[in-house]
Amino acid sequence: MNTTLPRIRQFRWPLAVMAFLVWLLALRMTNVYVWQAELDDLRSQSQHRLSLFAAHLQGELAKYEFLPELLATEDRLAFPLVHAAGEASLIPTNQYLQKINDIIQSSDIYLMDTTGLTIAASNWNSERPFVGKNFRYRPYFQEAMKGHLGRYFALGTTSNKRGYYFAYPIQRNRKVLGVVVVKVSLGSIENAWHGGPDEFIVTDPDDVIFLTTNPQWRFTSLHPLSAETAEQIKASLRYHNTEVLPLPIQFKEKHGNENHVVSIQETRALTEVGLGNHEKTESSDKQKNKVETEMKTSTKGRTPDPKMNRLEYLMQSVPIAAEGWTLHVLSSLEPVKKQLYRAYVLVSFIFIILVVTVLFLYQRQRRIQEKVFYEQEVRKTLSQARDELEIRVEERTADLAKTNTRLTQEIEEHRRTEAILNQTQEELIQAAKLAGLGQMSTAISHELNQPLTAIRSYADNAQKFLDLNREQDVHWNLTQISDLTARMAKIIKQFKVFARKSSGQSIPVSFKSVLDGSLTILESQIRQGQVTVETDLPEEDLFVFGDMVRLEQVLVNLISNAVQAMLETSPRHLYIQASRDQDMVVVTLRDTGPGIKEEHLSQIFDPFFTTKETGQGLGLGLAISYQIIDGFKGSLKAINHSEGGAMFIVRLPRPPSVQEEHTLKGKS
Ligand code: ADP
């Protein structure tokens, strides 16, 4: 399998960008879903509160709605209208109105004549009494004069207090005598709803806020007023001389007809002057003055401050047809936003966990794949290597087989050659020995003739002494004969040993035996040559590793050469010395002959090199001796002695152990 996961490093940035985009998408989806869900939730909650608020407001107004009609039936009010009298005569009427006002807890109650002039009022005794004031410009008066209930909301021009006015005509005999007005303060409603989770506002048909739980919004409009509308409002004195400014509100999202998401810039106005938020219901003059001042300040200082926050609300509205008002509830979106931020955090957290998990799983998968891949690669490489090895082994085996065959053939050939060589060598050695015997034949025949002649003489003597009955002499002669035959047998035995073929095996051999044997063979030659042989051997018998016959052949050859070399010189001494040198036995044979010429030193071991006359030497003696010694892993060297004469040095290996030496010594 060659396919592997793509390396994440190569795609790091595209993947990061993709992850970022996915994260953004997740946030966007969270936003849509949570926002909508929370908004729906909020909507239903504040909708409910809006209904309650509307019910409360309408309930408050309804309480007073029929009071003017009731008061209009009161003759105590109709009477002064019919019988115009002095101010003093109106005191009971004023007191009556004051009493009723106290009972029903309205703001003010006052009586107007048909010209709109207030002739009696519940606040007749206050600092700013309505008595003497003409309110004919008020729509409620005009409505009442038409014979039915007049209702109107306005900021009192005298009291500077917001109030809802119910006016009813006092009629007698279908004639309108005057109008009785009950003014209701709505400040208590603001107080009741203030401090809740929502802000409530009530707007007039021109969208001017006249009632609100947030005093900063009071007498502002939801939309900028047209010049014409502003003029009309001013003319109607509805809000006295309060300037109506637009509320810094932005309508953002629209949900259905009556639902909006809006943002309102906070204003600093009232909070800065430390004004209490609410219009109090107290009726004392002092308080009235305070409220007036506050109202002025509030309207003048109500300017949007860009440094302050814009707060977002869900705004829901419900119209109140009777008054032409619209009730609005503004629910802060802060909880929704908080909820949304929480959801963002949660989604981001889940996203991070997912990314980490995916990365972890990817890395794990990648490691597994890499492992599998490398294992396969290793297996493949191993198998290739094995195949190559097998091929190489096969080739090599074939080569080796060929070489082996060739070697076997060569070995075979070598063996054959060796066999031939061995045979040739054997034959040569044998030839050399026989040649040596040939050379020695004169000496041998002389050696044997002499005792034979002596034996014959002793036998003749013995015969003669037998005839003479000289038994003792006969005995002596026969003893001599016996000794001589024993000696002859000994000589013949040596030659027999010398002439026989070697076994070719290396065994520990006593050097003394070899030397003795050799000297015995050459005894007559040495004697004839008048050579004195001096041997210098150590006390202990020295053993060498070799073959008795061959070693004798070497020594016979060396001694014989020395004897022959000394025939023309004098004195004639042959020194034979043997000693141990570590694992070797060193034998030196030094003669007092003429020595070897320098130019011949490098040649004397060559086959067929001889300086002797024809028939005297074959030139094989030293060549074969060299081969024999070399075969025993020894060495043979020739030098000229500093005092004259030739010196041959033979080095032969000693047997492995002394114990063996003793064993073999015992045998010999
Ligand atoms: P051959 O004895 O048949 O000549 P060798 O191989 O035994 O053959 O000797 C080769 C030659 O080495 C001899 O001809 C002789 O010149 C020289 N030689 C050998 N031994 C001695 C010696 N002890 N002194 C002087 N020359 C020697």
Side-chain angles (χ1 to χ4, degrees), residues 424-444 495 498-499 502 514-515 518-519 521-536 549-578 586-632 634-651:
T424 314
Q425 197 175 5
E426 282 300 322
E427 284 167 8
L428 264 176
I429 292 169
Q430 206 56 27
K433 275 200 289 189
L434 293 175
L437 280 174
Q439 283 174 10
M440 289 185 279
S441 61
T442 321
I444 293 165
F495 281 109
F498 184 71
S502 158
V514 176
L515 184 61
S518 306
L519 289 174
I521 291 167
L522 295 171
E523 194 182 339
S524 64
Q525 198 179 343
I526 292 166
R527 203 172 341 106
Q528 278 178 7
Q530 295 173 337
V531 174
T532 51
V533 177
E534 279 181 42
T535 57
D536 179 12
V549 179
R550 296 265 168 90
L551 290 173
E552 263 186 10
Q553 189 177 348
V554 172
L555 282 190
V556 165
N557 189 42
L558 293 175
I559 295 166
S560 169
N561 275 347
V563 172
Q564 283 183 11
M566 287 187 289
L567 285 176
E568 307 295 323
T569 56
S570 182
R572 297 169 188 165
H573 291 300
L574 175 61
Y575 304 100
I576 300 173
Q577 197 189 22
V586 183
V587 181
T588 53
L589 296 102
R590 183 196 153 201
D591 61 50
T592 52
I596 306 159
K597 284 183 181 166
E598 280 301 312
E599 65 267 25
H600 293 157
L601 267 176
S602 58
Q603 291 174 296
I604 55 169
F605 294 105
D606 293 344
F608 305 109
F609 175 83
T610 179
T611 55
K612 294 171 189 170
E613 287 169 21
T614 317
Q616 289 291 309
L618 284 174
L620 283 173
L622 285 181
I624 286 168
S625 296
Y626 188 91
Q627 286 296 323
I628 290 169
I629 298 297
D630 190 58
F632 295 143
S635 65
L636 174 60
K637 231 166 72 171
I639 54 170
N640 283 315
H641 196 269
S642 55
E643 291 171 15
M647 187 159 100
F648 285 81
I649 303 157
V650 184
R651 290 175 72 85

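Both counts, for ligands and for their atoms, begin at 1 and track the order of listing.
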Side chains of [X] and [Y]: does their closest heavy-atom pair fall under 4.5 Å?
{"X": "D630", "Y": "L636", "value": "no"}
{"X": "Q525", "Y": "Q564", "value": "yes"}
{"X": "T611", "Y": "I596", "value": "no"}
{"X": "F632", "Y": "V554", "value": "no"}

query = So, the side chain of T532 versus the backbone of R572: is there a donor-acceptor pair under 3.5 Å, distance only?
reply =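 Here the side-chain-to-backbone pair exists.
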inquiry  = Strictly distance-based, threshold 3.5 Å: is any side-chain N or O of T569 a donor or acceptor partner for the main-chain N or O of P594?
reply    = no
ask   = Should G593 be listed as contacting ligand 1, given a heavy-atom distance under 4.0 Å as the test?
value =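 The answer is no: ligand 1 sits nowhere under 4.0 Å from a heavy atom of G593.
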inquiry  = Quick check on G595 - does any of its heavy atoms sit under 4.0 Å from an atom of ligand 1?
reply    =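 A heavy atom of G595 does come that close to ligand 1.
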Going by the closest heavy atom to [atom], which one wins out of [options]?
{"atom": "atom 14 (O) of ligand 1", "options": "D606, T611, L589", "result": "T611"}
{"atom": "atom 5 (P) of ligand 1", "options": "L622, T592, I604", "result": "L622"}
{"atom": "atom 22 (C) of ligand 1", "options": "A638, A623, A565, S625", "result": "A565"}

task = Check each heavy atom of N557 against ligand 1 and say whether those closer than 4.0 Å belong to the side chain, the backbone, both or neither.
result =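 Looking at N557 and ligand 1, just side chain atoms fall under 4.0 Å.
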query = Parallel, tilted or perpendicular for F605 and Y626, by the 30°/60° rule?
reply = tilted
ask   = Atoms of ligand 1 less than 4.0 Å from A562 heavy atoms?
value = 23 (N)
task = May I ask you to list the atoms of ligand 1 that are less than 4.0 angstrom from any heavy atom of I596?
result =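 So the answer, numbered in order with elements, is 25 (C), 26 (N).
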inquiry  = When you compare ligand 1 with Q564, is there at least one nitrogen or oxygen pair between them that comes in under 3.5 angstrom?
reply    =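 Checking ligand 1 against Q564, no N or O pair falls under 3.5 Å apart.
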